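Everything on this sheet refers to the single structure shown next.
Scope of the values below: all heavy atoms of this structure, side chains included, with no hydrogens, waters or symmetry mates. Chain letters run A, B, ... following the sequence lines, proteins first, then strands; residues in each count from 1. Keep in mind that what you see is a predicted model, and the values were worked out from it rather than measured.
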Protein chains: 2
Amino acid sequence: MNKVDKSKKTVSPEGDAPTCDSSLVHLEQVRQVQSEIVTTEKAQQMAQFFGAMADPHRLKLLSALVKAELCVCDLAAVVKMSESAVSHQLRLLRNLRLVKHRREGRNVYYSLADAHIANLYREVAEHLDEV
Amino acid sequence: MNKVDKSKKTVSPEGDAPTCDSSLVHLEQVRQVQSEIVTTEKAQQMAQFFGAMADPHRLKLLSALVKAELCVCDLAAVVKMSESAVSHQLRLLRNLRLVKHRREGRNVYYSLADAHIANLYREVAEHLDEV
DNA sequence: TTTAAGCTTGAATGTCTATTCAGATGAACA
DNA sequence: TGTTCATCTGAATAGACATTCAAGCTTAAA
């Protein structure tokens with residue numbers, strides 16, 4: 001998770017002819033691919049999403065929530081973190097819509113936002129077993 | 001992407017009885033879930049993987065490689081980064097087996113390691129469009 | 001209405017990460 | 001063999017992130 005595009009490097013201005021700073025082996029292909037790749041905005045959005053899952057503690061929280069809806073103090077106990085730390089992480093997951101929450105009395109219960117998240121989690125877990 | 005488990009917090013030692021530092025609303029459920037969640041090792045492995053996709057520049061590289069096999073200088077041109085920066089990022093992706101490479105003369109061509117990566121990429125891209 | 005439990009929050013600190021820069025490697029070509 | 005091109009690498013700097021600590025809400029029970 002980082003900023004992005006405080007970059008405007010010195011790369012061939014993609015303007016004309018086979019000019020280039022440090023080559024460009026396949027100019028045509030570069031142009032074509034350049035027009036097809038993901039936009040910076042979308043890439044940032046995706047990076048945020050992947051970033052949310054790029055932390056062992058958050059993955060443990062998610063793997064717990066795959067099993068059951070749990071309140072903060074229980075989650076803290078399950079993953080052995082302080083409640084404050086868990087709360088910070090849950091806020092992040094909440095902001096990115098990976099989890100949702102509801103209040104019941106003094107407790108706040110968290111659960112996965114939707115089935116996609118669980119599926120994605122499982123897919124990667126299985127992918128890594130294959131390799 | 002971070003270290004993990006230089007943590008051993010002060011949470012109920014999960015050992016015995018209904019003891020607990022700061023409550024524990026559902027002791028039984030906590031025990032059960034605790035036995036079912038992902039291991040720390042696996043969580044770290046998954047975090048590394050997600051971490052590899054948690055950067056806009058790397059996502060652009062991957063989205064380019066979804067379209068075509070490309071050499072380093074072309075990739076640099078496509079995503080408008082220095083070749084050095086691209087090389088650093090590709091090394092990371094290579095180490096985590098997201099991409100593979102082959103040398104041809106003085107050029108090194110990169111491509112996606114397998115179909116899983118492309119699928120995962122597309123899934124998340126689409127998921128984010130839904131919301 | 002006091003007190004406390006459950007959760008959230010902001011600031012501060014330590015750690016990790018990405019880029020840049022300079023230099024090194026390996027392959028091709030003169 | 002010497003030179004150039006394409007890529008890689010290590011060190012250093014700057015920026016991002018996670019946890020802790022202390023304090024602030026909100027709800028329920030005394």
Side-chain angles (χ1 to χ4, degrees), chain A residues 1-11 20-26 44 47-48 50-61 70-77 79-96 99 101-110, chain B residues 1-11 20-26 44 47-48 50-61 70-77 79-96 99 101-110:
Chain A
M1 281 213 242
N2 70 4
K3 262 305 102 55
V4 151
D5 253 1
K6 59 300 200 76
S7 59
K8 61 215 12 181
K9 297 303 127 35
T10 318
V11 184
C20 48
D21 291 336
S22 54
S23 89
L24 261 203
V25 179
H26 309 97
Q44 285 178 291
Q48 270 204 311
F50 280 117
M53 306 194 75
D55 178 274
H57 288 139
R58 285 194 292 269
L59 284 169
K60 282 198 174 189
L61 289 172
L70 292 164
C71 65
V72 177
C73 64
D74 286 348
L75 279 169
V79 305
K80 301 183 198 288
M81 292 170 68
S82 74
E83 291 177 19
S84 179
V86 167
S87 186
H88 277 294
Q89 301 291 26
L90 287 172
R91 173 165 51 161
L92 191 156
L93 294 173
R94 215 194 316 145
N95 287 340
L96 295 176
V99 304
H101 66 303
R102 71 184 173 82
R103 175 156 224 142
E104 190 180 309
R106 342 194 209 204
N107 294 312
V108 176
Y109 290 87
Y110 281 84
Chain B
M1 283 219 244
N2 70 5
K3 260 305 103 53
V4 148
D5 254 359
K6 55 306 197 73
S7 60
K8 62 221 6 190
K9 299 301 130 30
T10 317
V11 183
C20 50
D21 291 336
S22 54
S23 88
L24 263 206
V25 178
H26 309 97
Q44 285 178 291
Q48 269 204 312
F50 280 117
M53 307 194 75
D55 178 273
H57 287 139
R58 285 195 291 269
L59 285 169
K60 282 197 173 189
L61 289 173
L70 292 164
C71 66
V72 178
C73 63
D74 287 347
L75 279 168
V79 304
K80 301 182 198 289
M81 292 170 68
S82 73
E83 292 176 17
S84 178
V86 167
S87 186
H88 277 295
Q89 301 292 26
L90 287 173
R91 173 166 50 163
L92 192 155
L93 294 174
R94 216 194 316 146
N95 287 340
L96 295 177
V99 303
H101 66 303
R102 73 183 170 82
R103 177 155 221 143
E104 190 179 309
R106 339 195 209 205
N107 293 311
V108 177
Y109 289 87
Y110 283 83

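- Between A:Tyr110 and A:His101, the ring-plane angle classifies as parallel under the 30° and 60° cut-offs.
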Between N or O atoms, less than 3.5 Å apart, protein on one side and nucleotides 2-4 of chain D on the other: list the pairs.
unit_1 : atom_1 : unit_2   : atom_2 : d
D:dT4  : O2     : B:Arg106 : NH1    : 3.3

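- For A:Asp55, the side-chain atoms get nearest to D:dA18 when compared with the rest of D:dT20, C:dT20, D:dA18.
- Between A:Ala76 and A:Val86, the shortest heavy-atom distance links the atoms CA-CG2, 3.7 Å.
- Rounded to an integer number of Å, the gap from OH of A:Tyr109 to P of C:dG6 is 10 Å.
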What nitrogen or oxygen pairs link the protein and nucleotides 8-13 of chain C at under 3.5 Å?
unit_1 : atom_1 : unit_2   : atom_2 : d
C:dT8  : OP1    : A:Tyr110 : OH     : 2.6
C:dT8  : OP2    : A:Ser87  : OG     : 2.9
C:dT8  : O5'    : A:Ser87  : OG     : 3.3
C:dT9  : O4     : A:Ser84  : OG     : 2.7
C:dG10 : O6     : A:His88  : NE2    : 2.8

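- Looking at heavy atoms from C-beta onward, B:His57 lies out of side-chain contact with B:Leu61 at the 4.5 angstrom threshold.
- One finds a side-chain N or O of B:Gln89 lying less than 4.0 angstrom from the OP1 or OP2 phosphate oxygen of C:dT19.
- Regarding contacts with the backbone of D:dT20, a side-chain N or O of A:Ser82 is found under 4.0 angstrom from either OP1 or OP2.
- Looking at A:Met81 and A:Lys60, their side chains never come closer than 4.5 Å, going by heavy atoms from C-beta outward.
- At the phosphate of D:dC5, neither OP1 nor OP2 sits under 4.0 Å from any side-chain N or O atom of B:Asn107.
- Closest approach of A:Val72 to A:Glu83, counting heavy atoms only: CG1-O, 4.2 Å.
- Judged as a ring-ring contact (aromatic ring centres under 6.0 Å, His included), and not counting sequence neighbours, B:His88 has no contacts.
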